[in-house]
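Have a look at the structure below before the remarks.
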Amino acid sequence: MTTTDSSPSRDFIRNIIAKDLKANKNECRVVTRFPPEPNGYLHIGHAKSICLNFDIAAEFGGVCNLRFDDTNPSKEEVEYVESIKSDVRWLGFDWYNMLFYASDYFDQMCRYAVQLIKDGKAYVCSLNTEEIREYRGTLTKPGKDSPYRKRSVEENLDLFERMRAGEFEDGSHVLRAKIDMASPNMNMRDPTIYRIRRVAHHRTGNKWCIYPMYDFAHCLSDSIEGITHSICTLEFEDNRPLYDWFLDRLNVLHPQQIEFARLNLSYTVLSKRKLVQLVEQGHVTGWDDPRMPTVSGLRRRGYTPESIRDFCERIGVAKRDSMVDIALLEHCIREDLNEKSPRVMGVLRPLRVVIDNYPEDQVEELEGPYHPEDQGMGSRKLPFSRELYIERDDFREDPPKKYFRLAPGREVRLRYAYYIRCEEVVKDEQTGEVVELHCTYDPKTRGGWSSDGRKVKGTLHWVSAPHALKAEVRLYDRLFEKANPGDQKDVPDFTACLNPRSLEALTSCRVEPSLAGAAPGSRCQFERLGYFCVDSVDSYPEALVFNRTVTLRDSWAKIEKKAKK
RNA sequence: UGGGGUGUCGUCAAGUGGUAAGACACAGGAUUUUGGUUCCUGCAUUCGGAGGUUCGAAUCCUCCCACCCCAGCCA
């Protein structure tokens, strides 16, 4: 499907591509690529780039390659390539058979390097790291030529061949592009294009001891694959002249590099360095900790791929540095889960309720639909008995204004069950803590309806005490207390901004019996509480563990908060 | 202080000389057996600032200001 003139403009990148297509550029092909380095796990910032590249390809009838930018063996591992592949797939994208590795092109790149040498456009430099830095100059002072810059083509060819053959120590020589040591763009001051690195590569093993640098490898990989639009983030803007330089000198297919602003999300961090620190210092349990902004963390938290894709679409694509409010991500998951999740009841902090006028050995099966707006989801049976649990938050001895829930003498509805009235409060003699409520029910309100027109303001969720399943529920909250933990002036280390209450594990929760054996990864809404999923690591059919994905919007909490001020 | 970028509502973001879309957030209200959902309503006389061009400027010109990126043999 090709976009037509009538299609509305979505963002500046799609506008560029639409214009290119109209001008018959690239024989009207569109080929993009997602090019991660396999040195870590994917996070939601990568998801933005994945959605951009794969969606653009699909919209313009093109393809998007998955290419691993594996030019630095000392940082890369197969474990990462596997996790990246599975994350991209989980997000719902398909690269078909277009799976590549920059390392696939090492031979070809070497030939290109030789060509540059022959053309007098590259030379072997034998300065060490510090010397190269000194010769490079500074932002305001031009650099000066390396003493090795004038080596003959023959000498350079010989030296480079011997670098490749493994005759030299790591760091003793590099191959450099011969450009301009006085360029105002630091990237053009004779950048290194090959370095000696005796490290086993996760794919090529010990075949190579020299590896190309990003600037050389990336543009050539794009060119070899026939990429038309090479989309990357803003910090590569200064690298674009170099990207163009190599392709022009080598006179090969010349993709267009386009830069966009990377994602920043409030109340979290997205830099690899910081995410590594969170894992290594044990602030989280791992890369897939449900509080992590990684794809695997979001997945375990209960986020759906659809919600993440929707989010990436809504945030847009532009060039300005921005900080997206995490409330938008939360909105996206709520919207998706509202439609998809079966409603069930679970009590997080149980308070025992005895219905004094309910027959002791009686058990009724009440009917509860799984979804208020979707009859197609069916319903389940809810056992009701004399002893129940309700949420502690749903009872107040001294109810504040506008509190609709249970209090001494008050009547509320138990969802899909009966109206009950609180008759007596039992407290622990020592602590004064409320330990049990005695209530009476109105048998004429079965199902939660009253025929006499009597209205009740509150509806509570509940479970039958003898029938409920014990479960652990993990309540997750924002990882950081500050909107921008990475940029706090008075805080030395971003970990000082961590939210100490980002995880609260409740171990004596009770959930309705229909959840018995719930499958890991399955999702539900605990009515009035939020959306939850069965943890994919720690949950077992006989010992359920739920993760709170996100709370429901809570207007009572807002009222309460306002009243306190 | 050299170079490259970017400034439009609290947060994203359209807008490309014809009189400021949309989303989230927020605030009201209606409906509701989830204080959920849904539905209404409100929310930029002004586009970083100052000048200028023009009948007309967020859009063009000039100057200024702020913020981000670059001095890896990382990507």
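Computation of the quantities below employed the complete heavy-atom set of this structure, encompassing side-chain atoms and omitting hydrogens, waters and symmetry-equivalent molecules. In what follows, chains carry the letters A, B, and so on, assigned in the order in which the sequence lines appear, proteins first and then strands, with residues in each chain numbered from 1.
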Would Y214(A) count as stacked on A75(B) if the rule is ring centres under 5.5 Å and plane angle under 30°?
no
Ignoring hydrogens and geometry beyond distance, is a side-chain donor-acceptor pair present between D222(A) and Y243(A) at under 3.5 Å?
yes
Remember a base hit wins even if backbone is also touched, and classify K558(A) as base, sugar-phosphate or nothing at under 4.0 Å, heavy atoms.
sugar-phosphate
Any base atoms under 4.0 Å from R413(A), or only sugar-phosphate, or nothing? Heavy atoms, all strands.
base
Return the nearest nucleotide to the side chain of V324(A); candidates are U6(B), G35(B), C12(B).
C12(B)
Looking only at the aromatic ring of each residue, does the gap between the centers of Y267(A) and F480(A) stay below 6.0 angstrom?
no
Rounded to whole Å, please give me the gap between CH2 in W208(A) and P in C73(B).
21 Å
What interatomic distance, in whole Å, is found between C1' of U6(B) and the corresponding atom of G48(B)?
11 Å
Indicate, with a heavy-atom threshold strictly under 4.0 Å, whether R189(A) touches base, sugar-phosphate, or nothing.
nothing
Quickly work out the K562(A) NZ to C26(B) P distance and round it to whole Å.
11 Å
Look at all strands and tell whether N239(A) reaches a base, only sugar-phosphate, or nothing, counting heavy atoms closer than 4.0 Å.
base
Considering only NZ, NE, NH1 and NH2 on the basic side and carboxylate oxygens on the acidic side, decide whether R405(A) and E391(A) come within less than 4.0 Å.
no
Under the 3.5 Å rule, do the base of G35(B) and the side chain of R553(A) count as making a donor-acceptor pair?
no
Roughly how far apart, to the nearest Å, are A27(B) and G10(B) at atom C1'?
13 Å
Are side-chain heavy atoms of H46(A) and F34(A) found at a separation under 4.5 Å?
yes
G15(B) versus A23(B) - spacing of their C1' atoms, nearest Å
16 Å
Any donor-acceptor pair, under 3.5 Å, between the side chain of Q525(A) and the base of U34(B), if you only look at N and O atoms?
yes
So, does the side chain of D554(A) form a donor-acceptor pair with the base of G35(B) at under 3.5 Å?
no
Return the nucleotide paired to G35(B): Watson-Crick means purine N1 to pyrimidine N3 with N6-O4 or O6-N4, wobble means G-U with N1-O2 and O6-N3, both under 3.5 Å.
none
